[in-house]
Amino acid sequence: MWNPMLPTLTNEVPEGDNWVYEVKYDGFRTSLEWKEEGVRFISRNGKDLTEHFPEVISFLEHYQDQVREFLPLSLDGEMVILKTNLCADFSLLQQRGRMKNMDKIKQHAQTFPAQFLCFDALQIGRNLQTRTFEKRKEEIKDLFSSLGWPLHISLLKPISLIPFYDDYQPLWKQLELAYGEGIVAKQKHQSYQQGKRVKHWLKIKNWRKVTGFITEFDPENDYFTTSIYNQNKLETLGVVKHGFSEESFNTLTKLIIEKGEKKKGIFHIPPAICIQINCLQAEEGQLREPNFDQFRFDLSPEECTLKKRDLDLTMLPENVEITSPDKPLWPQPNFLKQDHLIYLRKMAPYMLPFLKSKKLTLIRYPHGVEDESFFQKHRPDYAPDFVGAYKESGETFILCQTLESLIWIGNQGTIEFHIPFQKINESFPDEIVFDLDPPSRKEFSLAIQAAQILKMICDQLELYAFVKTSGNKGLQIHIPLPANGLTYDETRAFTEAAAQLLVQQYPEKFTIERLKKNRGNRLYVDYVQHAEGKTIIAPYSPRSTKEGTIATPLFWEEVHEDLNPTQFTITSVPSRVSKFGCPMRYYDEVRQEQNFTKLKQLINT
DNA sequence: TTGAGCT
DNA sequence: AGCTCAATTCTGCGC
DNA sequence: GCGCAG
Ligand SMILES: [Mn+2]
Ligand SMILES: [Mn+2]
C-alpha cells in the first residue's frame, strides 16, 4: 500500500541548482490509485476517500478509455478546495471529509468543488520510485498532456499538476500575497522513498506572527496558555508548546513556578510575559500549528490586543510606511484609514489581477469621503520604486502591479480604483462591461432585472459573464475577452445591440436616452461607457459613498429582487469572500474559452 | 497626501 | 516657515 | 461644433 514520502520542516530556504520549489497547499495528502477495476483516492493513513469526492471521480471516469494504456497509476498529491491558484481552504475540505450523507457530499461538491493536485508519481504503467524527481515530473507531464489535463493549477479542472520553479523569491512573493500555506523545496535528482521523512524535501511555512502574554502553564503536558485583551477583558489567544529552546523553556517554567499560583495542577500568572508565536491561523482561542518564535520584552501586555492580533494576521507589507491610521475616511460608519488598508491587503489576492497592466485612474480623498477629492493618473516622482510606471508619449502613468504598490496607493488616500478596458501595449479590449445605471438606489431592482435579462442573453450566446455591484447605485456585467479576441467596434456593436434588446423588451423600465430629462425613472443602459479610453470601477474597489460600500462581485444566484447592495462594505466583503470564495475566480481562465460565433452572428444581422 | 512655488 | 495650489481625460451622442 | 453625460 501507498505510504507517502514526507517533507522536513525548516525555516532556512535551501538554494542552489539542484533545488526546485513548489507551492504547498493546505489539504489532504492523497494518492490517486487507478487500476483496471477503476479509480480510487486513498488518504495518508490508508482510508478510502473515493466516496467523498464524487466530482473529481466522475471527471476522471470520462477518461477510462484514454487512460487504459498508462495503467496502473499511482499519483501522489493533495486533495484541496482552492480559493485561488495559490491558496486552498482547509476548513472547507475538512467539512467535506467529515460528511457521511451522500446527498450532503454531492451538494457540497456543487458549491465547493474539490480538486486533486498532483505533485509526484510512484507508478505510471511501470514503477517510477527509483527515478529522479525531475524524471517523475516529466512522466506526469507526458501523461497529463496526452489526456489534455492542465500542466499548471487550474481552478476549473478537477485535476491539475503542481508545477515547480527554479526561483524561490518570486514564488514566495506571490505566495505571501495569496496568504498561501508555504512552499516545498525539492532536490531534482532524488528518488521516492516511501514512508520516510526526507531531507531532500523541505517545507517552509508562511508563518503569521501573533503576540500574546502567558497566563497559564500546565506541567502535565508543557502547554503554555497565552492571552490577549479584547476591550480590557482577557481572552485566550491559544496554547503553545513547541518551538522553545531548552534554555528559554527552563527559564520560563522556573519563573512561572516561582511567581505563579498553582490551582488544580495548573500554574496561573498575571499578564507580564509577552511572546511572539508563529502559526498558520489564530481564531476563537485556537492557534493552528503554533510554535514559539521569540520573547517580546519590548511589548507590554496592554499592547497585546485582539485588534493587534487581527492586524498581525493581515500581514501588511513591511516596506510600506503607513500614516494617520486612525483618521476616519468614512465618518458615518466610522471606518478608519487603517480599516481601509487592512481591507485592501486582505482583498489584494482578488483585486490585483484586475488592476494588473492597466493604466489606473485613481480618485483620492486624503481627508475622507466627505472632504475634497481629486483624480490622479500620473505616477508622482516621489513614489517609491515599487510603484509601477508606464511611459507613453512623454507621460508617465501609474500602474499597480504589486501588493506594496496597492498599499502605498491606498495610504495616499486613494479610495476608488478605476480601470480602462484594455491592458497596456494592447489596442484591443480585454473585457466587455455593461454599465447598468438606475436613477437612484431606490430603483436598484431595475438593475437586477436588467442583469437577469443580460445573463440570459449571454447564456444564449454561450458567453461567460460575471456580475458585480458598482458599489453605488447599479450593477455591472463583465465579459472577459482573450487577447485580440474582439475589436472595440465589435464590442460596441454588441453592447449596443444588447441594450436595444433590453429597451425593446421593457421600454417602460429601461432606456438609452442620453439626456437625463428624457430618462424619467427608467434605468439607463449605459452602453456608451464601454469604449476605448473610458474606465469602469475595478472589482473590489471601495467607493466614496457615505456607507463605505464596495464594488462587489456577486454570484448569479444572488442577483434577485431583494438584494441590498449597501450590505457590502469594507468590513463585510472580506468575510464574505473568505466564506464563499470570489464569484469572479474563474474570470481569467474562461477568457480563453469564450466563443464568439454566436455573438458575431448577432452583430452582423 | 505630497510637493512645488511663492512670499 | 507658512500659505496656496494641484493632482484627469476623453469620448461620443444628438442636435 | 456644442453641450451634456459619464
Ligand atoms: Mn454606472
Ligand atoms: Mn454609467
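Labels below follow one simple rule: chain letters A, B, ... track the order of the sequence lines, proteins then strands, and each chain is numbered from 1.
- Distance alone, capped at 3.5 Å, places no donor-acceptor pair between the A:Ser324 side chain and the A:Asp326 backbone.
- For the segment residues 375-393 of chain A, residues with any heavy atom less than 4.0 angstrom from an atom of DNA chain C are, sorted by number, A:Phe375, A:Gln376, A:Lys377, A:His378.
- For the pair A:Leu475 and A:Phe434, the minimum side-chain heavy-atom distance is 4.5 Å or more.
- Under the salt bridge (charged side-chain N to carboxylate O under 4.0 Å, His left out) criterion, A:Asp310 pairs with no residue, sequence neighbours left out.
- Regarding A:Glu416, its CD atom lies at a distance of 15 Å from the P atom of D:dG6, rounded to whole Å.
- Annotation: proximity of residues 420-454 of chain A to DNA chain B (heavy atom, distance under 4.0 Å) is found for no residue.
- When the C1' atom of C:dA7 is taken as reference, atom CD of A:Glu395 falls 13 Å away, rounded to whole Å.
- Residues that satisfy the side chain to side chain donor-acceptor pair (under 3.5 Å) test with A:Asn472, not counting sequence neighbours, are absent from this structure.
- In this structure, A:Asn472 atom CG and D:dG6 atom C1' are separated by 12 Å, rounded to whole Å.
- The backbone N or O of A:Thr323 sits less than 3.5 Å from a side-chain atom of A:Asn411, completing a donor-acceptor pair.
- Residues satisfying the salt bridge (charged side-chain N to carboxylate O under 4.0 Å, His left out) criterion with A:Lys346, sequence neighbours excluded, are absent altogether.
- Between the P atoms of C:dG12 and B:dT1, the separation comes to 37 Å (whole Å).
- Outside the 6.0 Å centre-distance limit, the rings of A:Phe580 and A:Phe112 are not counted as a close aromatic pair.
- Regarding A:Lys516, its NZ atom lies at a distance of 9 Å from the C1' atom of D:dG6, rounded to whole Å.
- Across A:Ile536, A:Ile537, A:Leu362, A:Leu360, a single residue satisfies side chain to side chain contact (heavy atoms under 4.5 Å, CB included) together with A:His418, and that is A:Ile537.
- Residue A:Arg543 contributes atom CZ, which lies 13 Å from atom P of D:dG6 at whole-angstrom precision.
- We find that CD of A:Gln476 is positioned 13 Å from P of D:dG6, with the value rounded to whole Å.
- Here chain A contacts DNA chain B (any atom closer than 4.0 Å to a heavy atom, that is under 4.0 Å), and the contacts span B:dT1 to B:dG3 from 5' to 3'.
- Between C:dT9 and D:dA5, the two P atoms lie 23 Å apart (nearest whole Å).
- Backbone-only contact: A:Ser324 has heavy atoms under 4.0 Å from sugar-phosphate atoms and none from a base.
- Taking a 4.0 Å limit (strictly below) on heavy-atom distances, residues 351-367 of chain A reaches DNA chain B at A:Arg364, A:Pro366, A:His367.
- Annotation: side chain of A:Met347 is in contact with side chain of A:Pro574 (closest heavy-atom distance under 4.5 Å).
- More than 12 heavy-atom neighbours from other residues, nucleotides or ligands sit within 6.0 angstrom of CG on A:Asn334.
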Only pairs under 3.5 Å count here: list side-chain donor-acceptor contacts from residues 595-605 of chain A, not counting sequence neighbours, and write none if there are none.
residue	atom	partner	partner atom	Å
A:Asn595	OD1	A:Thr597	N	2.9
A:Asn595	OD1	A:Thr597	OG1	2.3
A:Lys598	NZ	A:Glu462	OE2	3.0
A:Asn604	ND2	A:Lys600	O	2.9
A:Thr605	OG1	A:Leu602	O	2.7

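- A cation-pi geometry, defined here as NZ or CZ lying under 6.0 Å from the six-membered ring centre and within 45° of its normal, holds between A:Arg345 and A:Tyr179.
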Which pairs, protein N/O on one side and nucleotides 11-15 of chain C N/O on the other, fall under 3.5 Å?
residue	atom	partner	partner atom	Å
C:dT11	O2	A:Lys534	NZ	3.3
C:dG12	N2	A:Arg514	NH1	2.8
C:dC13	OP1	A:Arg492	NH1	2.8

Could you go through nucleotides 2-4 of chain C and list every protein N or O atom that sits under 3.5 Å from one of its N or O atoms, giving the distance for each pair?
none

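- Remark: of the listed residues A:Phe466, A:Phe417, A:Tyr587, A:Tyr540, A:Tyr587 is the sole one forming a ring-ring contact (aromatic ring centres under 6.0 Å, His included) with A:Phe354.
- Environment of CD in A:Glu392: crowded, with over 12 heavy atoms of neighbouring residues, nucleotides or ligands closer than 6.0 Å.
- A:Glu426 contributes no side-chain N or O that, together with a main-chain N or O of A:Ala483, makes up a donor-acceptor pair within less than 3.5 Å.
- Residues forming a salt bridge (charged side-chain N to carboxylate O under 4.0 Å, His left out) with A:Glu490 (at least two apart in sequence, or on another chain): none.
- Legend: residues meeting salt bridge (charged side-chain N to carboxylate O under 4.0 Å, His left out) with A:Asp298, ordered by chain and number and at least two apart, are A:Arg296.
- For the pair A:Arg519 and A:Tyr524, the cation-pi criterion (under 6.0 Å, within 45° of the ring axis) is fulfilled.
- When the P atom is used for both C:dC10 and B:dT2, the distance is 28 Å, rounded to whole Å.
- The aromatic rings of A:Trp172 and A:Tyr168 are tilted relative to each other, their planes meeting at an angle between 30° and 60°.
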